[in-house]
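Residue numbers start at 1 and run along the sequence shown. These numbers come from the heavy atoms of this one structure, side chains and all, not from hydrogens, waters or symmetry mates.
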Amino acid sequence: MTFYNTQLTYRVVFDMENNLFIAYDKFNSNEATGTTIEQAVQALKKIA
């Protein structure tokens with residue numbers, strides 16, 4: 001799924017093997033993980 005935020009465009013996937021959400025920045029190679037979608041997106045915002 002691709003989401004659009006005013007500051008960030010990102011995709012979120014769920015890693016079923018590790019039970020983690022992974023948020024990917026659409027325009028560069030940044031990625032962040034979290035146990036919830038919100039945690040993954042917040043972590044991505046910190047490194048973007």
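For the pair Asn19 and Phe14, the minimum side-chain heavy-atom distance is below 4.5 Å. Within the 4.5 Å cutoff, side-chain heavy atoms of Thr35 are placed close to those of Leu20.
Heavy-atom minimum distance, Asn30 versus Asn28: N-OD1, 3.0 Å. In plain terms, the two heavy atoms of Ala40 and Gly34 that are nearest each other are CB-N, 3.8 Å.
Atom CZ of Arg11 is separated from atom CD1 of Ile22 by 10.0 Å, given to the nearest 0.5 angstrom. For the atom pair Asp25 CG and Leu8 CG, the distance stands at 5.0 Å (nearest 0.5 Å). In this structure, Thr33 OG1 and Gln39 CD are separated by 9.0 Å, a value rounded to the nearest 0.5 Å. Distance CZ/Phe21 to CG/Leu44: 15.0 Å, rounded to 0.5 Å.
Linking ILVMFWY residues whenever their side-chain heavy atoms come closer than 4.5 Å, directly or via other members, leaves Tyr24 and Phe27 in distinct clusters.
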